[in-house]
Amino acid sequence: MEVGTGKVHRVAGPVVQATGLKSHMYDLVLVGEEGLMSEVIGIAGDKHVIQVYEDTDGVKPGEPVKETGAPLVAQLGPGILTSIYDGIQRPLPKLVEASGNFISRGLFVDGIDHKKKWEFEPVAKKGDKLEPGQTIGTVQEQLLIKHKIMMPPDKRGTVKEIKSGNFTVEETICVLEDGTELPMIQYWPVRRARPSRSKEAPSIPLRTGQRVIDGFFSLAKGGTAAIPGGFGTGKTVMQQTLSKWSDVDIVVYVGCGERGNEMADLLHEFPELVDPRTDRPLMERSIVYANTSNMPVAAREASIYTGITTAEYYRDMGYDVMMTADSTSRWAEAMRELSSRLEEMPGEEGYPAYLGARLADFYERSGRVTTLEGTEGSVSIVGAVSPPGGDFTEPVTQNTLRITKVFWALDSKLTQRRHFPSINWLDSYSLYDLTLEPWFVENVSPDWNKNKRRAMEILQENAELEEIVMLVGSDALPEDQQLTLEVARMIINFWLAQSAFHPVDTFCPYKKQFDLLKAILHFRDLAFEALARGVPTDVILGTPSKDALAKVRLLEDYEPELEKVRAQMESEFKTMS
Ligand code: ADP
Ligand code: MG
């Protein structure tokens, strides 16, 4: 397509109107003398409405707008891992290198290095018929991550020539019979989901090592979860803990317009994180997108789409990928600002009417899939939501809640009590519960679900009792209810609470989660038996083994100690009178 040039007609913050363009919806255009990266987001008569991914200060009517004839694309190929990008996949370190700490505008930097040579090892042979998504060859991208060079999703053909050796991402590594020359790099429009053969049922859990999540509100591989919570309730710590511990191969971390210092923390902290399974930097299997709140709002949206596109690309290689976005509220606020600049009819609290649809489109791109090639891969999405004042009735939380299947409600009351993770066990839920139960029964214990339900019932009863206690005090309760309060306290403090910063407790394997809960429930049974034979509650509650149980979770090799505590528990209750 021939690319033309138009003119800036009007500038309103991040939104520019231009005349004289032939671009399509979502085409990339370059605005002003500096050529600021921008995207067409509306066409009305002879005017194009454009959102600019960079600061528009000083851009004046009459300045040129250059067409590119293509939508915003991500560059996909070896070299994505370890990158820290801005919202439009420009590597931040390269930007700083090119323009100093004060990033100048209109700078184009490739998403992956086009000069670096990678060792390409062919898989396909001359004469092979390659289908879309099929592996042509591989590159060892990181020590532990093999990067599949795949047929682009829209290409097929017979191999006429295939090379082997060191190449840049732009050099031809394979030629098809029809003359098509294939380099390692692929370009993909970020707003379009990459295709797969089929979506599979969410029947495998995504292990996180967090008891309250795995045990109560589990996420499925390829599933979606929301973490809503007010300021300081632990969203960021949770997302970093999940990035570190979840059993995924690749992590895509999108820092979407949180406050500048939080982003600085991210840029400082994330590269320091060590992958506990390999003792290597977590960055080696991560991609970070960083938008500070002072970057233009349109770039936040771009970072979400670019992030999910890179996530899908690694999924297509057969990897399990987790994408986290911190925070989707900042993205929604960007939509609100742009919508008001466009003078669209505002919906609830000024958010555009399409807020829910946009969020849904994004979360829809998650899933455990059979790839075009026939292997299995997944993208799980965890989105933080930061409702102002922690009020979950606001539109972003409500719309997200309708879409995501898991809801980890962070509770500032728990934060104040220093109970972490501050996931409220009464308000949270997982709609994967039923589809995941068979997996837990088969792989951990036949009693997994039964125990989980028992524990939840105790917590439910506890909540009702607490209301009574508030009115009349706990001494007024019958003895069995006092015991229930105590057992609930044990579930809350010994099991639900988990320190992200304790070297052992930060990750709890399934078996340990199960054993610990089972021990607490066993204590409960012994306590009620004792009560039935007339032992007074204060004697039961004074049992030393109860406190011994509290410390077991802090041990790596916990089983001998748990066995000891169990034996102690049995003997204490036997002699109790
Ligand atoms: P948010 O992102 O919701 O504003 P943060 O994730 O930054 O909140 O958490 C605020 C603080 O709470 C942290 O600096 C940390 O001290 C504490 N915290 C959060 N989660 C945990 C956890 N799982 N274990 C221990 N401390 C935590
Ligand atoms: Mg945060």
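We count ligands from 1, going down the list as the structure has it; atoms in each ligand are counted the same way. Predicted model only: the values in this text are computed from it and were never measured. Note: hydrogens, waters and symmetry copies are ignored here, and every other heavy atom, side chains too, is used. Numbering starts at 1 and runs along the sequence shown.
- By the 30° and 60° cut-offs, the orientation of the rings of Trp448 relative to Phe440 is parallel.
- Residue pairs satisfying the side chain to side chain donor-acceptor pair (under 3.5 Å) criterion with at least one member in residues 79-88, sequence neighbours excluded, are listed as follows: Ser83-Tyr85, Asp86-Arg90.
- Ligand 1 has no N or O atom lying under 3.5 Å from any N or O atom of Met238, backbone or side chain.
- Atoms of ligand 1 found under 4.0 Å from any heavy atom of Phe501, numbered from 1 in the order shown, are 25 (C), 26 (N), 27 (C).
- Taking distance alone, with nitrogen or oxygen atoms compared against 3.5 Å, Ala500 approaches ligand 1 more closely than that limit.
- In terms of polar-atom proximity, Phe420 is not counted as a contact of ligand 1, lacking any N or O under 3.5 Å from an N or O of the ligand.
- Residue Lys235 has at least one nitrogen or oxygen atom sitting less than 3.5 Å from a nitrogen or oxygen atom of ligand 1, judged on distance alone.
- Residues Pro387 and Val396 form no side-chain contact, since every pair of their non-hydrogen atoms from C-beta on lies 4.5 Å or further apart.
- Checked by distance only, ligand 1 and Val237 come closer than 3.5 Å through their nitrogen or oxygen atoms.
- Because the distance cut-off is set at 2.8 Å, Ser327 fails to qualify as a neighbour of the Mg ion (ligand 2), as none of its N, O or S atoms comes that close.
- Not close to ligand 1: Ser422, with no non-hydrogen atom less than 4.0 angstrom away.
- What you find for Leu206 and Asp247 is that their closest heavy atoms are C-OD1, 3.7 Å.
- Annotation: ring pair (Phe, Tyr, Trp, His ring centres under 6.0 Å) contacts involving residues 544-565, sequence neighbours excluded, are absent.
- The contact set between ligand 1 and Gly230, taken as ligand atoms under 4.0 Å from a residue heavy atom, comprises 3 (O).
- Aromatic ring pairs are classed by plane angle as parallel below 30°, tilted from 30° to 60° and perpendicular above 60°; the pair Tyr305 and Trp331 is perpendicular.
- Put simply, OG on Ser445 and CG on Asn451 are 7.0 Å apart, with the number rounded to the nearest 0.5 Å.
- Not a single heavy atom of Gly229 sits closer than 4.0 Å to an atom of ligand 1.
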